[in-house]
Amino acid sequence: MKWIKAIAMAIIAFSSFAGGQIGNTEITKWQYGKNGAVSLTYDDGSINQFRVAVPIMDQFGFPATFFIITGNIPGSRYRGTFVGRPTKAIIDETASVPTRKDSFFERASAIGFLGYEGTLDYHTRAGELYDEDKNADAAYRVLDDAYAQVRIGAFKKLTQRQSPAPENETISWDEIRSLANRGYEFASHTVTHSRLAVLDDANLAYELEKSRQEIFDHLGFKHTFSVECPYGTENERAVQAALVRYQLARNYMPDEDVDDLDRSNHTDPASSRKDYVRWQRGAVTETAISLMKSWIDKTAAQGNIWLVLVIHGVDSVGWEPLTGAELKDYFSYVDSKKQNLWVATFQDVAKYIREREHGSVASYKDGESIDVVLRSSLTDLSYDLPLTLKTYVPKEWKTVEVRQGDRTQSADAIEANGASYAFYQADVNAQVVTLSRATPTK
Ligand SMILES: [Zn+2]
């Protein structure tokens, strides 16, 4: 690669023009040279996300990312279960040994899957006390109470294995596959939407790995990129477990060049000094649409913001629903700003940021054309998103022909400050890109 650099240096030394040297190339901060990015994300897979929100997004051509609870979908292989020793031994032990730190995680993992109706709620409550309220003693007491009731037979036995929701209330894998083929991203929201912070290691692994496997089996590798650990947890153990199994978690993005502002963080993204700010905003029922629009304005104006919008229920189905009418109004506003905004799936924006941050570009003049080499040091096969390059071209080039492998694009040169440049797309770690002056048509 050294010789490419040397030639690129030579170009810089010998062909200096106001605004940019001919051949000088950069990876633009955002795809298509936009000023910011927006990802629309939906949690829990409630049915009106597909029946109501998808048709609205289709009108604008917006992609989105759905974090789905895989164990709820008809035809899924992996359901909620307890991984560990026989649960009878655990129940018996609770009669003489109160819940303490060393037994808490196993008991919290098992309580929902003992074969009784209603015990899963105790898992959820203990998880909330432990993870959100940081009140471990209260969480232990919830489990002691639950197991005491189990021992006296207070819960009704499940007559059959927990059956998934009826078909009209949940989306099928066939429908998910056809949406995925149309550009929507599907991502993991675990097998059962459990409180990961209170699961023991085996059950934590089950929730993360089996939902990934389920998605892989139905949709393929592409949709195994992202995860959202339920309840937006920031529990370090849970998030770390997620990050070793997925490229990306919505809960936390550890990248050095990214400021990560989650939904509860009130820091103004304008105060960030980093290359990128991942700005997560939750839209709930009471959120004013005018506030949601102000997030779009800020993202379109500032330059380094990736707005990750989090939506749950739609039209009265799901948690904190928005109405279809609100979504339509809002998406039409987003659409009106699209000249400055890149609306893309959650994984595509993360890939762009990472490929660019780990990328390098070199260019050299080759007779009447300019050759550009785009490399990235990322080795994971997930990172296959083409990036937008901006190259300064001779002023006589009104239209630029861009060839990479067997793909040819044509780009109009843009004149500014006495120089000309072109935007175009290039694959990373692929063939050399060759730019030349398009022959004028007569
Ligand atoms: Zn959720």
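One is the number of the first residue; the rest follow in order along the sequence. Both ligands and their constituent atoms are indexed starting at 1 by order of listing.
Between R245 and E209, at least one side-chain N (NZ, or NE/NH1/NH2) sits under 4.0 Å from a carboxylate O, which counts as a salt bridge.
T25 and T391 are linked by a side-chain donor-acceptor pair at a separation below 3.5 angstrom, with hydrogens and angles left out of the test.
Within the structure, side-chain hydrogen bond (donor to acceptor under 3.5 Å, both in side chains) pairs that include any residue of residues 93-102 comprise R85-E93, T94-R151, T99-R107, T99-D144 (at least two apart or interchain).
For the Zn ion (ligand 1), protein N/O/S neighbours under 2.8 Å (waters excluded) are D44 OD1, H189 NE2, H193 NE2.
Scored by the side chain to side chain donor-acceptor pair (under 3.5 Å) test, R177 finds D174 as partners (sequence neighbours excluded). Considering only residues two or more places apart in sequence or on other chains, T124 meets the side chain to side chain donor-acceptor pair (under 3.5 Å) condition with none of them.
Relative orientation of the Y383 and F225 rings is perpendicular, given thresholds of 30° and 60° on the angle between their planes.
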